[in-house]
2 protein chains.
Amino acid sequence: MQDNFKEILKERGLKVTSQRVLVLDILSQAVGEHLTAEEIYNKVKSKNPDIGLATVYRTIQLLSELKLVDKIVLNDGCIRYEIAGDEANSGHHHHHLICVECGKLTSFSEDLLENLECAIMEKKDFLVLNHEVKLYGYCSECREKHAN
Amino acid sequence: MQDNFKEILKERGLKVTSQRVLVLDILSQAVGEHLTAEEIYNKVKSKNPDIGLATVYRTIQLLSELKLVDKIVLNDGCIRYEIAGDEANSGHHHHHLICVECGKLTSFSEDLLENLECAIMEKKDFLVLNHEVKLYGYCSECREKHAN
DNA sequence: GTCTTTGCAAATGATTTGCAATATA
DNA sequence: TATATTGCAAATCATTTGCAAAGAC
């Protein structure tokens with residue numbers, strides 16, 4: 001992953017800096033955690049206290065443009081990031097379950113809407129490139145709490 | 001619609017003010033336009049120049065809580081509002097097509113994911129209350145421009 | 001008359017930007 | 001050495017909030 005990243009940077013004439021490597025590293029180690037920019041900053045600072053918040057923001061944006069991380073914008077406007085999986089290469093993102101009680105965010109990937117995309121093309125004359133599905137509801141833990 | 005609104009306000013002990021009525025009115029007249037807070041403010045100001053931006057924000061938030069308007073958070077973090085249709089009452093929102101070239105936002109409603117919700121319950125032990133689908137691609141106008 | 005709402009201006013919070021100093025290639 | 005990147009502090013942008021004045025019931 002890191003070697004891949006270094007090559008991508010070089011191809012674009014961008015420099016491999018310790019800050020960029022560290023941010024990608026933190027995100028790679030946080031699979032399934034869906035961190036906010038601030039959370040990434042805090043984790044990064046615990047390994048390199050001299051890093052600036054602006055650098056973290058710039059790096060996240062860069063990684064997002066390079067499709068190495070996915071940006072998830074929740075309904076309440078909160079923005080979270082996660083390392084991109086292999087599905088990213090297929091051109092179809094994975095989807096999310098969001099618990100309306102505890103806020104827990106879970107990913108799942110499944111090509112849900114193949115048929116829909118054809119139907120939309122016919123009905124709406126709109127060519128779908130990508131789709132994004134968010135399901136809001138109650139996770140198992142919160143349902144258990146309710147049962148008690 | 002307005003009579004309905006006035007009753008809902010009274011039921012909750014809230015007051016019917018000219019500002020609240022005007023904001024709902026503007027949104028009712030902008031079906032399919034998906035306005036930003038700023039755009040709503042400008043339309044509102046052209047009818048009542050004395051209204052404050054904060055009041056517009058407060059009213060949008062109120063209307064959103066009352067489920068009279070839908071809040072749409074785009075991938076880029078941009079937030080838009082539209083008057084809620086009848087689907088809102090069913091507990092299932094409608095969905096959106098977003099053109100990646102011109103940014104045009106179109107709604108469509110169709111119960112796409114009935115089966116999925118059962119599958120998610122079994123596989124992920126997650127009870128889905130509501131779902132939200134965004135399809136990104138090219139609208140017909142932008143595809144025509146490309147063809148030329 | 002009481003309690004809510006408004007408009008304004010100031011506060012907030014997240015993100016971005018300008019720039020001199022520093023690190024990479 | 002030349003160019004890209006960094007850290008910092010200041011700027012920005014959308015949204016929220018405190019409060020005295022005005023409005024609704």
Side-chain angles (χ1 to χ4, degrees), chain A residues 2-3 5-26 34-66 68-69 71-81, chain B residues 2-3 5-26 34-66 68-69 71-81:
Chain A
Q2 259 144 53
D3 295 339
F5 180 39
K6 288 178 186 172
E7 282 191 23
I8 293 171
L9 290 175
K10 283 177 190 166
E11 275 170 26
R12 302 207 170 204
L14 300 170
K15 293 182 175 172
V16 177
T17 66
S18 63
Q19 291 91 334
R20 285 175 177 168
V21 172
L22 180 54
V23 170
L24 183 67
D25 210 44
I26 290 294
H34 307 92
L35 305 171
T36 62
E38 199 73 30
E39 285 165 353
I40 295 168
Y41 175 59
N42 289 329
K43 279 178 183 268
V44 157
K45 268 217 327 200
S46 73
K47 295 219 175 181
N48 174 1
D50 296 334
I51 205 166
L53 179 56
T55 300
V56 171
Y57 272 104
R58 282 183 286 230
T59 305
I60 292 169
Q61 192 172 306
L62 175 66
L63 292 171
S64 192
E65 282 163 17
L66 299 176
L68 293 173
V69 312
K71 180 180 177 180
I72 305 145
V73 180
L74 278 306
N75 238 2
D76 62 2
C78 181
I79 301 178
R80 298 184 165 271
Y81 301 90
Chain B
Q2 260 143 53
D3 294 339
F5 179 40
K6 289 179 186 172
E7 282 192 24
I8 293 171
L9 289 176
K10 283 177 190 167
E11 275 170 26
R12 301 207 171 206
L14 300 169
K15 292 183 176 171
V16 177
T17 66
S18 64
Q19 292 91 334
R20 285 176 177 166
V21 171
L22 179 55
V23 170
L24 183 67
D25 209 46
I26 290 295
H34 306 93
L35 305 170
T36 63
E38 200 73 31
E39 286 165 352
I40 295 168
Y41 175 59
N42 288 329
K43 281 179 182 266
V44 157
K45 268 219 323 203
S46 73
K47 296 221 175 181
N48 173 1
D50 296 333
I51 205 166
L53 179 56
T55 300
V56 171
Y57 273 104
R58 282 183 285 228
T59 306
I60 291 168
Q61 192 172 306
L62 175 65
L63 292 171
S64 191
E65 282 163 17
L66 298 176
L68 293 173
V69 312
K71 179 181 178 181
I72 305 145
V73 180
L74 278 306
N75 238 2
D76 61 1
C78 182
I79 301 178
R80 297 184 165 271
Y81 300 90

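Here is the naming used below: chain letters follow the sequence lines, and residue numbers restart at 1 for every chain. Note that the structure is predicted; figures quoted are calculated from it, not measured.
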Note to self: Any base atoms under 4.0 Å from B:Gln61, or only sugar-phosphate, or nothing? Heavy atoms, all strands.
What the structure shows: sugar-phosphate
Check: Roughly how many Å is it from CG in B:Asn42 to P in D:dA14, rounded to a whole number?
Finding: 11 Å
Margin query: Just the rounded figure in Å: distance from P of C:dT5 to CZ of B:Arg12.
Written below: 12 Å
Notebook entry, point to check: Between atom NZ in B:Lys6 and atom C1' in D:dA24, what is the gap in whole Å?
Noted result: 13 Å
Notebook entry, point to check: Just wondering, do A:Lys71 and A:Ile60 contact through their side chains at under 4.5 Å, heavy atoms?
Noted result: no
Item checked: Under-4.0 Å side-chain N/O to phosphate OP1/OP2 contact, A:Thr17 with C:dA23 -> no
Margin query: Are B:Val16 and B:Phe5 packed together at the side-chain level, in the sense that at least one heavy-atom pair is separated by less than 4.5 angstrom?
Written below: no
Margin query: Could you check whether any side-chain heavy atom of A:Glu39 comes within less than 4.5 Å of a side-chain heavy atom of A:Asn42, counting everything from C-beta outward?
Written below: no
Notebook entry, point to check: Starting at the 5' end of DNA chain D and moving along, which residue's nearest nucleotide shows up first, A:Ala54 or A:Leu62?
Noted result: A:Leu62
Notebook entry, point to check: Does the C:dT4 base have a donor-acceptor partner in the side chain of B:Lys15 within less than 3.5 Å?
Noted result: no
Next item on the list: Round to a whole Å and report the spacing from CZ of A:Arg58 to C1' of C:dT22.
Entry: 13 Å
Check: Which of these nucleotides, C:dA14, D:dT6, D:dG7, is closest to any side-chain atom of A:Ile51?
Finding: D:dG7
Checklist line | Comparing A:Pro49 and B:Ala37 on DNA chain D - which has the more 5′ nearest nucleotide | finding: A:Pro49
Next item on the list: Calculate the interatomic distance between B:Tyr41 atom OH and C:dG7 atom C1'; express it in whole Å.
Entry: 10 Å
Notebook entry, point to check: Can you tell me how far P of C:dA23 sits from CD of A:Gln19, to the nearest Å?
Noted result: 9 Å
Margin query: Using whole Å, what does the distance between atom P of nucleotide D:dT6 and atom CG of A:Leu9 come to?
Written below: 10 Å
Item checked: Integer-rounded Å distance: C:dA23 P and A:Asn48 CG -> 12 Å
Notebook entry, point to check: Looking at side-chain heavy atoms only, is the closest gap between A:Leu9 and A:Thr17 below 4.5 Å?
Noted result: no
Notebook entry, point to check: Taking C-beta and beyond as the side chain, do B:Ile72 and B:Ile79 meet within less than 4.5 Å on heavy atoms?
Noted result: no
Checklist line | Under 4.0 angstrom between B:Ser18 side-chain N/O and D:dG23 OP1 or OP2 | finding: no
